[in-house]
Peer 1: 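My questions will all concern the structure given below.
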Amino acid sequence: MASRVLTFVTETSPRLATRDRGEPSRIEELDRVELLADVLGDDQVTVPAGSIGTVVAIWAGGAAFEVEFTRPVDALATVDASLLRVVGHATA
């Protein structure tokens, strides 16, 4: 499975998020994101859609992200960019 995910991540173009004023911007580390579909966490724990997490790493230039979730479950998950929506950008 790891090789399948790696292949997907390296062959997928980055997704752009939209800031409040409408200009495009990439999802960045420490941004808060909402999960748009259930995903399986790194410890095989299901993280349900609607969960809010924090981006802790960016893979393949933004094709996928490592996201830390704390509610409703504690999980770390590698999530495809198409399954995330930015709910808050990190502050400088």
Side-chain angles (χ1 to χ4, degrees):
M1 168 142 168
S3 63
R4 191 173 80 200
V5 170
L6 182 56
T7 300
F8 176 77
V9 168
T10 58
E11 294 177 358
T12 304
S13 61
R15 173 179 179 260
L16 296 178
T18 304
R19 292 198 187 266
D20 292 336
R21 294 184 304 266
E23 70 268 11
S25 65
R26 293 188 186 277
I27 297 173
E28 298 178 9
E29 283 188 7
L30 303 181
D31 282 352
R32 303 284 291 162
V33 291
E34 178 182 8
L35 194 56
L36 301 176
D38 293 356
V39 298
L40 199 56
D42 293 349
D43 292 335
Q44 305 304 307
V45 174
T46 299
V47 184
S51 297
I52 304 294
T54 302
V55 174
V56 295
I58 300 170
W59 303 117
F65 300 88
E66 195 74 20
V67 182
E68 181 179 23
F69 298 94
T70 57
R71 285 183 280 159
V73 295
D74 280 331
L76 190 62
T78 303
V79 182
D80 180 77
S82 67
L83 300 179
L84 295 173
R85 179 179 73 87
V86 175
V87 295
H89 288 285
T91 57

Peer 1: Can you confirm whether more than 12 heavy atoms, excluding those of Asp42, are under 6.0 Å from its CG atom?
Peer 2: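 It does: Asp42 CG has more than 12 such atoms within range.
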Peer 1: Once rounded to the nearest 0.5 Å, what's the spacing between atom CZ of Arg85 and atom CD1 of Ile27?
Peer 2: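 So the gap between those two atoms works out to 11.0 Å.
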Peer 1: Using side-chain heavy atoms (C-beta onward) and a distance below 4.5 Å, is Val33 in contact with Phe65?
Peer 2: no
Peer 1: Check whether any side-chain heavy atom of Val45 lies under 4.5 Å from a side-chain heavy atom of Leu40, and answer yes or no.
Peer 2: no
Peer 1: To the nearest 0.5 Å, how far apart are NE2 in His89 and CG in Leu30?
Peer 2: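 Interatomic distance, His89 NE2 to Leu30 CG, rounded to 0.5 Å: 12.5 Å.
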Peer 1: Taking all heavy atoms of Ala81 and all of Gly62, pick out the closest pair and write down the distance.
Peer 2: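 In this case the closest contact between Ala81 and Gly62 is CB-O, 3.4 Å.
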Peer 1: If you take all heavy atoms of Leu36 and Ser82, which pair is closest and at what distance?
Peer 2: CD1-O, 3.8 Å
Peer 1: Any chain of hydrophobic side-chain contacts (each under 4.5 Å) joining Val56 to Val87?
Peer 2: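 No, Val56 and Val87 fall in different hydrophobic clusters.
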Peer 1: At their closest point, which heavy atom of Ser51 faces which heavy atom of Pro72, and how far apart are they?
Peer 2: OG-CD, 3.3 Å
Peer 1: Within the structure provided, determine whether Glu29 and Ile58 are in side-chain contact (heavy-atom separation under 4.5 Å).
Peer 2: yes
Peer 1: Atom CG in Leu83, atom OG1 in Thr78: separation rounded to 0.5 Å?
Peer 2: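 Reported to 0.5 Å precision, the distance equals 12.0 Å.
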Peer 1: For the residue pair Leu76 and Val67, establish whether any side-chain heavy-atom pair is separated by less than 4.5 Å.
Peer 2: no
Peer 1: Looking at Ala90, is its backbone amide N or carbonyl O close enough to the side chain of Asp31 to form a donor-acceptor pair, meaning the two atoms are under 3.5 Å apart?
Peer 2: yes
